[in-house]
Amino acid sequence: MALLVVLGGIHLAGAIVHLFYSRIWDWATDLEQLKPVNRQAALAMNGMVAYLLGFFGVVDLLWAFRVVEREPLMVMAIIGYWVARMILQLIYYDMRQRLSQILSVAFVFMIVGHASLLG
């Protein structure tokens with residue numbers, strides 16, 4: 001139960017961060033340089049990431065408190081999200097940056113944490 005609460009908390013914290021992403025990273029300045037369709041796409045994709053992380057957080061907490069039965073397919077979907085996110089991290093982000101390294105450790109934790117639910 002404790003692991004699921006931690007995983008759910010991380011998901012919910014990530015969702016909250018993504019809700020304020022444009023302010024945290026000063027997107028108002030950066031996104032103005034993009035064409036409107038690209039700016040809108042970036043904002044929409046960020047909103048979808050916030051939604052997905054929030055959804056995963058709620059699912060983790062529902063499992064933790066046994067409100068709903070844990071579904072292996074859903075666990076695998078969450079793992080798949082984090083594996084894909086880790087791959088994108090390695091492709092697009094500068095891994096010499098401290099923040100990239102910290103996020104990569106967090107992504108691996110999310111993968112391993114959820115994978116342990118399957119065993």
Work out which heavy atom in [X] is nearest to a heavy atom in [Y]; give both atom names and the distance.
| X | Y | result |
| --- | --- | --- |
| L19 | A50 | CD2-CB, 4.0 Å |
| L4 | L117 | CD2-CD1, 3.5 Å |
| A64 | M1 | O-CG, 3.4 Å |
| V17 | I24 | O-CD1, 3.8 Å |
| V75 | R70 | CG2-CG, 3.8 Å |
| A15 | G54 | CB-N, 3.5 Å |

Whether F56 and Y81 hold their rings parallel, tilted or perpendicular, with breakpoints at 30° and 60°: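 Rings of F56 and Y81: perpendicular, as their planes differ by over 60°.
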
Give me the ring orientation class for F55 and Y51: parallel if the planes are under 30° apart, tilted from 30 to 60°, perpendicular past 60°.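 Ring orientation of F55 relative to Y51: parallel.
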
Check whether any side-chain heavy atom of L103 lies under 4.5 Å from a side-chain heavy atom of Y93, and answer yes or no. no

pair L61-V67: side-chain heavy atoms closer than 4.5 Å: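 No; the side chains remain at least 4.5 Å from each other.
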
Keeping the roles fixed (side chain from [X], backbone from [Y]), state whether a donor-acceptor pair exists under 3.5 Å.
| X | Y | answer |
| --- | --- | --- |
| N46 | H18 | yes |
| Q101 | M95 | yes |
| S22 | W27 | no |

Compute the ring centroids of W82 and H11, then answer whether they are less than 6.0 Å apart. yes

